[in-house]
Amino acid sequence: MPDLVEAPGQAPTPTGQKDMPAWAQEMHWLIYPDGMECAGTEGCPNDYVLAFGQPGPVLPDNVERYDPKKHDCTFVVPAGADCFG
């Protein structure tokens, strides 16, 4: 359940943000689709779900959902992709 923020005279609203340690707040994090596999032995880089668990409805700063058009072969090398050929 997301954290709730209460404003005077209003019903609580979900923030959806989880606290991240200071070292992680300046890094760029991705939320990968279930079953996503990346090339190499270290897995997919900066995997938010692996590091911190499922996000709430509002993504924290510097966290975004994986987009193959934007991330493939620039930040992420999916398993089976030929990014260097």
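Computed over heavy atoms, backbone and side chain alike; hydrogens, waters and symmetry mates excluded.
With a 4.5 Å cut-off on side-chain heavy atoms, I31 and V63 count as touching. Under the 4.5 Å side-chain criterion, counting only non-hydrogen atoms from C-beta, F52 is in contact with P21. Between P55 and V49 the shortest side-chain heavy-atom distance falls below 4.5 Å.
Listed here is the closest heavy atom pair of W29 and A51: CZ3-CB, 3.8 Å. Pairing each heavy atom of P45 with each of C38, the nearest pair is CD-SG, 4.4 Å. Across every non-hydrogen atom of G53 and Y48, the tightest pair is O-CE2, 3.4 Å.
N46 places a side-chain N or O within donor-acceptor distance of the main-chain N or O of H28, the cut-off being under 3.5 Å.
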Review item, side-chain donor-acceptor pairs of residues 76-85, under 3.5 Å, at least two apart:
residue	atom	partner	partner atom	Å
D82	OD1	G85	N	3.0

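With sequence neighbours left out, the side-chain hydrogen bond (donor to acceptor under 3.5 Å, both in side chains) criterion links Y66 to D72. Listed by chain and number, the residues in a side-chain contact (heavy atoms from CB on, under 4.5 Å) with D67 are K69, K70, H71 (sequence neighbours excluded).
Atoms CD and CG, from E26 and D61 in turn, are 9.5 Å apart once rounded to the nearest 0.5 Å. Taking CG of L30 as the start and CG of N62 as the end, the distance is 11.0 Å to the nearest 0.5 Å.
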Practice item. Kindly determine whether R65 and L59 satisfy side-chain contact (heavy atoms from CB on, under 4.5 Å), including the steps that lead there. Key: CA-CA 9 Å; R65 298 200 183 279; L59 298 181; 4.2 Å; yes

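Hydrophobic clustering of Ile, Leu, Val, Met, Phe, Trp and Tyr side chains at less than 4.5 Å, counting indirect connections, keeps M27 apart from F75.
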